Protein chains: 2
Amino acid sequence: MEKDKIDKKEHILDVAEKVFADLGYDGASTRTISGEAGVNMAMLNYYFGSKEGLFLAVFERKINSFRTLLQNIGSDGSMNAWDKLDKCIDNYVERIIANNCFQKLINREVSMNKRGDLTDKIIEILMVNVYEVKRIMEEGVNTGLFHADADIPMVIATLFGTKNYIVNMPQLSSLILGHDIRDEKFMENELKPRVKTYMKRLLKAYLVKEHDNSK
Amino acid sequence: MEKDKIDKKEHILDVAEKVFADLGYDGASTRTISGEAGVNMAMLNYYFGSKEGLFLAVFERKINSFRTLLQNIGSDGSMNAWDKLDKCIDNYVERIIANNCFQKLINREVSMNKRGDLTDKIIEILMVNVYEVKRIMEEGVNTGLFHADADIPMVIATLFGTKNYIVNMPQLSSLILGHDIRDEKFMENELKPRVKTYMKRLLKAYLVKEHDNSK
DNA sequence: CAAAATTAATCAAACGATTGATTAAGCGTA
DNA sequence: TACGCTTAATCAATCGTTTGATTAATTTTG
């Protein structure tokens, strides 16, 4: 049936995403990917032209689904900046941890300076989300809800950096947290709510007006 | 002069560090490294045994100087947990931003899942520093200085994650911060003090006892 | 001290293994 | 049969590493 054709390509992309994330672009050989996917090596070139073509296909498939990630929480008039920030955190924790393989891929690729055209595209898309968060935080400052001296750009670095650290260095954060974070159940039932709660408390403590931010 | 002989190994390590940082472990071939260093290919194996040995030599040279630094802070009886935390932040910001190439290299390799022996060694070394910071924070909790409900492992993820984010994704953080962070002057005169101040305020706001951490 | 013996450093060349990619033959279905 | 899919076999290139020979430096010996 023609369905198998489509599903096989998707299956290859699924496997390739994971292998690329685990081993890096150079470390992931076409033989490893095809072997893991249970298909003949030549199928990769047949479907995607080349290794780089496969890599790009992995990216474009995911990136398209990422485009609408933060669906304009900022423009929702029924929420104040605190609620919006909470919603951002919730959405991000859910999304990032669910796609942690791809997240590792993104970070490795961006941290690598080569392959500039692809990197530029990734950054451009990532910035859409960054600006959305930034806009919400600045709204909080402007409406007087957040601390006036808050360093918003740095808060963004903390928000994204903390979750990146957990996702990108699972061996390290597993040791720190005392559990293997690659365990699905622990991830879903404990880590996700824990990260959400922590991030909200952390940012709230810093952004709240009452505390002294000038020391 | 006989100095050249000793300096040659150091020179190879210098070049290897840069090439590894630019291209990654897999991407950096022994031919590229030896070529860039202006030495014969066989010298890498002659001096360091293997490519992996060279990589570990690069790694250990950098990490060793930092290891004792944190340990001295933790065991200093004249400081309380707040002072120690401040000092940790100062040292880390100075150190990591000054060695951002090396930091990118570390993160890229640790984020990989396979190649166990090499990654395990790196993690083992990194954990020494992590545990030292963790010990200081737990001291703050146990002595009643820090908030009892503070999520220390997550705070560590924030501490390291925020800095990693800035260093690893310079293109992104440059856009967020509004300046090119690869500009030496901006980095030294503005970014470093800014990150220090921010990290101290952020962690203090979260760790301080007075604020409500239970919402 | 000078000649001889030993060690260390360096090199070009080549090793076997693996890389990404291509080929031509075979397969199943319409 | 004809066409899209799949396969094993094979390609040249590159990988990390090893080799044997050569030179430079050091030590030992007479």
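Quantities reported herein were computed from a predicted structural model and do not represent experimental measurements. Below, chains carry the letters A, B, ... as their sequence lines are ordered, and counting in each starts from 1.
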Note to self: Using a 6.0 Å cut-off, check whether atom NZ of A:K134 has over 12 heavy atoms from anything other than its own residue.
What the structure shows: yes
Margin query: Looking at A:K196, I'd like to know if its NZ atom is crowded, meaning that more than 12 non-hydrogen atoms belonging to other residues, nucleotides or ligands lie closer than 6.0 Å.
Written below: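 More than 12 within 6.0 Å, yes.
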Check: C:dA21, C:dC11, D:dT7: which one has an atom nearest the side-chain heavy atoms of A:M43?
Finding: D:dT7
Nucleotide [N], atom [atom2] - distance to [atom1] of [X] in whole Å:
X     : N      : atom1 : atom2 : result
A:F48 : C:dG20 : CZ    : P     : 15 Å
A:Y46 : D:dC3  : OH    : P     : 13 Å
A:F55 : C:dG20 : CZ    : C1'   : 16 Å
A:K9  : D:dC5  : NZ    : C1'   : 13 Å
A:L44 : C:dA21 : CG    : P     : 9 Å
B:N45 : D:dG20 : CG    : P     : 16 Å

Notebook entry, point to check: Can you give one letter per nucleotide of nucleotides 8-15 of chain D, going 5' to 3': B for a protein heavy atom under 4.0 Å from the base, S for sugar-phosphate only, - for none?
Noted result: B------B
Check: Is the shortest heavy-atom distance from the side chain of A:V58 to the side chain of A:K18 under 4.5 Å?
Finding: no
Check: When you measure from the centre of the six-membered ring of B:F20, is the NZ or CZ of B:K51 under 6.0 Å away and within 45° of the axis?
Finding: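 Output no; distance or angle outside limits.
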Margin query: Show, in sequence, the C-alpha distance, side-chain angles and deciding distance for A:Y165 and B:Y165, and conclude whether the ring-ring contact (aromatic ring centres under 6.0 Å, His included) test is met.
Written below: CA-CA 8 Å; A:Y165 185 83; B:Y165 186 82; over 10 Å; no
Check: What residues, two or more places apart in sequence or in another chain, satisfy side chain to side chain donor-acceptor pair (under 3.5 Å) together with A:T158?
Finding: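 A:T158 satisfies side chain to side chain donor-acceptor pair (under 3.5 Å) with B:T162, B:Y198 once adjacent residues are dropped.
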Notebook entry, point to check: Can you tell me if the side-chain N/O atoms of A:Y47 get under 4.0 Å from OP1 or OP2 in D:dT6?
Noted result: yes
